[in-house]
Amino acid sequence: MQRLAMDLRMLSRELSLYLEHQVRVGFFGSGVGLSLILGFSVAYACYYLSSIAKKPQLVTGGESFSRFLQDHCPVVTETYYPTVWCWEGRGQTLLRPFITSKPPVQYRNELIKTADGGQISLDWFDNDNSTCYMDASTRPTILLLPGLTGTSKESYILHMIHLSEELGYRHRHMFVKQVDMDHVMKAKSIREFDKRFTSVMFGYRTIDDYYTDASPSPRLKSVGIPVLCLNSVDDVFSPSHAIPIETAKQNPNVALVLTSYGGHIGFLEGIWPRQSTYMDRVFKQFVQAMVEHGHELS
């Protein structure tokens, strides 16, 4: 950090001298506009590299899980470079569905009707062409659960399926649909939505009962298998103050990867983030690490 600060000070000093010279020349000739643009670009680059691009915070409750992630899932300790023109949380959250591509995926749907009249839809990607696991009985299965209003067609789900296909695995998508959407869509806040939709669908007496029971914090201490959680501290739906950091430190099976930016399921990176995101890279490395090296944690 000291070396970086020194380099930035030197760069700023050289930039000031350069701009001063260029402005003097520009008043009598040309190039002032180009100089200002160049100066702004360099200043923005300095700000981005010093304040925006940062390594995520890795929080674990055990040294062995921490070493495992650093050895087999190094992306969790690498610097995350958010998209330079869209690094703020709300922008990442809103633009992610429109910017990222949707890989072509052919599902096999299985519809299960439950005893209470509901239904469960499973969208299978069997990956029968897998060269790594040609025997379906030994082929690892990845279960993907999209968000409350998401489906198997969400771009982030399709990207995860595409990455799992590369690894030779197969996913299963699951969601339940049993509610009067006309009433739900009149909600004007997330709390109203949960009150009309989520708490009713799962049979809770009040919205507060649902929030208490749905919170993962009381259950983190009981997690018995390795779990990696990715969250951005600028997530508009899951803000930093709601992240159970201290609770996670008490369980050796839990690890939190907290990025400074990324929004809600955004994690865009690169100049034009069409093909993959930071979340995709975390997903691929972690599932591959668990399938191929998970025995090291037992």
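Not measured: the values here are computed from a predicted model.
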Please report the interatomic distance [atom1]([X]) to [atom2]([Y]), rounded to the nearest 0.5 Å.
X: Ser215; Y: Leu220; atom1: OG; atom2: CG; value: 8.0 Å
X: Thr198; Y: Arg191; atom1: OG1; atom2: CZ; value: 12.0 Å
X: Leu111; Y: Leu122; atom1: CG; atom2: CG; value: 8.5 Å
X: Ser121; Y: Asn109; atom1: OG; atom2: CG; value: 4.0 Å
X: Ser217; Y: Glu246; atom1: OG; atom2: CD; value: 11.5 Å
X: Gln70; Y: Thr77; atom1: CD; atom2: OG1; value: 6.0 Å

Do [X] and [Y] touch side chain to side chain, with heavy atoms closer than 4.5 Å?
X: Glu110; Y: Ile112; value: yes
X: Trp87; Y: Asp234; value: no
X: His72; Y: Met290; value: no
X: Ile245; Y: Leu256; value: yes
X: Ile52; Y: Pro82; value: yes
X: Leu58; Y: Leu69; value: yes
X: Val233; Y: Thr259; value: no
X: Leu49; Y: Tyr81; value: yes

Subject >> Pair Glu192 + Lys186, salt bridge at N-O below 4.0 Å >> reply: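 Looking at Lys186 together with Glu192, the answer is no, because their closest N to O distance does not fall below 4.0 Å.
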**OP:** Give a yes or no on whether a salt bridge exists between Arg108 and Asp123, defined as a side-chain N under 4.0 angstrom from a carboxylate O.
**Re:**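 Between Asp123 and Arg108 there is no salt bridge, as every charged N stays at least 4.0 Å from the carboxylate O atoms.
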Starting from [Y], can I reach [X] by hopping between I/L/V/M/F/W/Y residues whose side chains sit under 4.5 Å apart?
X: Ile207; Y: Phe197; result: yes
X: Phe283; Y: Leu258; result: no
X: Val59; Y: Val75; result: no
X: Leu230; Y: Ile243; result: no
X: Tyr48; Y: Tyr261; result: yes

Original post:
Going through the distances and angles, do Trp124 and Thr141 end up as a side-chain contact (heavy atoms from CB on, under 4.5 Å)?
Top reply: CA-CA 10 Å; Trp124 290 90; Thr141 299; 4.3 Å; yes
Subject >> Residue pair Val282, Val257: steps toward the side-chain contact (heavy atoms from CB on, under 4.5 Å) verdict >> reply: CA-CA 9 Å; Val282 172; Val257 177; 5.5 Å; no
Modelled atom types, side-chain donor and acceptor of [X] and [Y], under 3.5 Å:
X: Tyr204; Y: Asp213; answer: yes
X: Tyr211; Y: Asp194; answer: yes
X: His264; Y: Gln92; answer: no
X: Asp235; Y: Ser232; answer: no
X: Thr212; Y: Asp209; answer: no

Subject >> Whether Phe40 and Tyr44 hold their rings parallel, tilted or perpendicular, with breakpoints at 30° and 60° >> reply: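 Ring orientation of Phe40 relative to Tyr44: parallel.
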Original post:
What is the ring orientation for Tyr278 with Tyr80, classed by angle as parallel under 30°, tilted 30 to 60°, or perpendicular over 60°?
Top reply: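 If you compare the ring of Tyr278 with that of Tyr80, the planes turn out tilted.
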Subject >> Derivation of the side-chain contact (heavy atoms from CB on, under 4.5 Å) call for Val254 and Thr60 >> reply: CA-CA 6 Å; Val254 175; Thr60 61; over 6 Å; no
**OP:** Let me see the working for Ile265 and Met279 under side-chain contact (heavy atoms from CB on, under 4.5 Å), right down to the final yes or no.
**Re:** CA-CA 8 Å; Ile265 322 181; Met279 180 174 66; 3.4 Å; yes
Original post:
Taking the side chain from Ser130 and the backbone from Asn127, do they hold a donor-acceptor pair closer than 3.5 Å?
Top reply: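 Flag not set: sc Ser130 to bb Asn127 has no pair under 3.5 Å.
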Subject >> Thr83 (side chain) donor-acceptor with Cys86 (main chain) under 3.5 angstrom >> reply: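 Judged by distance alone, no pair lies under 3.5 Å.
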Subject >> Residues which pass side-chain contact (heavy atoms from CB on, under 4.5 Å) with Arg90, listed by chain and number, not counting sequence neighbours >> reply: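 Glu88, Val236.
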